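Basis for what follows: all heavy atoms, side chains included, without hydrogens, waters or symmetry-related copies. Every chain is numbered from 1, with letters handed out A, B, ... down the list of sequences. Note that the structure is a prediction, hence the values are computed from the model and not measured.
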Amino acid sequence: MTPHPLRPRRAPTTEEEALALQRKLRRYVLLEDSGPEPGTASTVAGVDVAYDDERDAVAAAAVVLDARTLDVVDEATAVGRVAFPYVPGLLAFRELPAVLEALNGLARTPDLVVCDGYGFAHPRRFGLACHLGVLTGLPTIGVAKTPFTFRYEPPGHGRGSSAPLMDGDEEVGRALRTQDGVKPVFVSAGHRTTARTACAHTLQLARDYRLPETTRRADRLCRRALRARHV
DNA sequence: GCGACAG
DNA sequence: ATCTTGTCGC
């Protein structure tokens with residue numbers, strides 16, 4: 001699944017190594033729509049990770065939904081040991097090893113993957129969602145729950161309203177209201193997509209709640225897997 | 001140098 | 001992320 005030239009011989013251990021790999025991988029991100037147009041995706045996967053720092057354990061989940069009905073059609077989990085500390089800007093190195101393993105457990109490849117975090121909205125424009133997209137070749141988007149270090153003006157009150165998410169003078173994503181009057185979510189492009197398309201996908205997935213159904217399902221599943229030490 | 005900082 | 005009680009509202 002991972003293209004040969006992009007797979008490191010060994011996972012980064014230090015921040016310096018991780019930064020070097022990030023600089024290398026970021027050249028492969030595609031920021032145009034070669035993934036599914038909004039409404040045309042057949043299946044959409046959500047991925048998320050839960051931790052037990054006491055036991056140095058990590059559990060990842062990948063849940064595939066029917067994009068039209070939002071029904072669960074497939075799911076997989078993976079448990080392992082934490083491979084990297086939490087460092088803002090290097091989250092991918094902490095989360096993705098387990099996520100990749102969970103994705104490998106799926107019966108079929110999804111049309112789109114929704115990440116719990118950022119994509120292009122990142123200090124070096126290579127967040128979790130971009131990283132996962134480059135490693136898998138799949139279209140990905142990032143949907144985060146907090147604005148990180150970025151700035152935004154509150155979007156309109158209604159579902160579907162959005163406002164630019166800014167890193168200085170550069171728009172890196174959108175603050176998107178997914179339900180009337182709720183706090184916005186923070187959407188950015190991952191791989192093979194754009195912020196505009198990512199917002200449209202997010203709205204379709206956040207039909208009933210603030211967060212996309214993909215994220216809600218994956219969050220629930222990885223927590224359960226962590227407690228049960230499922231594989 | 002110090003604090004802030006996706007999850 | 002995770003630690004955690006009650007509480008307000010549909």
(message) Rounded to whole Å, how long is the line connecting atom CZ of R151(A) with atom P of dA4(B)?
(response) 14 Å
(message) Whole angstroms only, please: what is the CZ-P distance between R174(A) and dA6(B)?
(response) 21 Å
(message) For the base of dG7(B) and the side-chain ring of Y51(A), does the geometry meet a stacking cutoff of under 5.5 Å between centres and under 30° between planes?
(response) no
(message) Rounded to whole Å, please give me the gap between NE2 in H122(A) and P in dA4(B).
(response) 20 Å
(request) Specify whether F126(A) and H131(A) have parallel, tilted or perpendicular ring planes, treating 30° as the upper limit for parallel and 60° as the lower limit for perpendicular. (result) tilted
(request) Go through dC5(B), dG7(B), dA6(B) for me and flag the one nearest to the D116(A) side chain. (result) dG7(B)
(request) With heavy atoms under 4.0 Å as the rule, sort G142(A) into base, sugar-phosphate or nothing. (result) nothing
(message) Does a side-chain N or O of K145(A) approach OP1 or OP2 of dG7(B) to a distance below 4.0 Å, or not?
(response) yes
(request) Mind calculating the distance between CZ (R227(A)) and P (dT2(C)) to the nearest angstrom? (result) 11 Å
(message) So D48(A), base contact, sugar-phosphate only, or nothing? Heavy-atom distance under 4.0 Å.
(response) sugar-phosphate
(request) Would you mind telling me which of dA1(C), dC5(B), dG7(B) lies closest to the side-chain atoms of P88(A)? (result) dC5(B)
(message) Check this for me, if you would: do R68(A) and D111(A) make a salt bridge, where the nitrogen-to-carboxylate-oxygen distance has to be below 4.0 angstrom?
(response) no
(request) May I have the distance from E54(A) (atom CD) to dT2(C) (atom P), rounded to whole angstrom? (result) 13 Å
(message) Do the side chains of D116(A) and K145(A) get close enough for a salt bridge, i.e. N-O under 4.0 angstrom?
(response) yes
(request) Would you please name every residue forming a side chain to side chain contact (heavy atoms under 4.5 Å, CB included) with A62(A), sequence neighbours left out? (result) V47(A), A102(A), L103(A), L106(A)
(message) For a quick check of understanding: with a heavy-atom distance under 4.0 Å over all strands, which category does A50(A) fall into, base, sugar-phosphate or nothing?
(response) sugar-phosphate
(request) Ignoring backbone atoms, establish whether T149(A) has a side-chain N or O less than 4.0 Å from OP1 or OP2 of dA6(B). (result) no
(message) I need the OH-C1' distance between Y118(A) and dA6(B), as an integer number of Å.
(response) 7 Å
(message) Rounded to whole Å, how long is the line connecting atom CG of D53(A) with atom P of dT2(C)?
(response) 9 Å
(request) Starting at atom CD of Q179(A), determine the distance to atom P of dG9(C), rounded to an integer number of angstrom. (result) 20 Å
(request) May I ask you to verify if any side-chain N or O of R223(A) is less than 4.0 angstrom from the OP1 or OP2 atom of dA1(C)? (result) yes
(request) Please work out if L90(A) contacts a base, only the sugar-phosphate, or nothing of the nucleic acid, heavy-atom cut-off 4.0 Å. (result) base
(message) Quick check: is L135(A) connected to V49(A) through a chain of hydrophobic side chains (ILVMFWY, heavy atoms under 4.5 Å apart)?
(response) yes
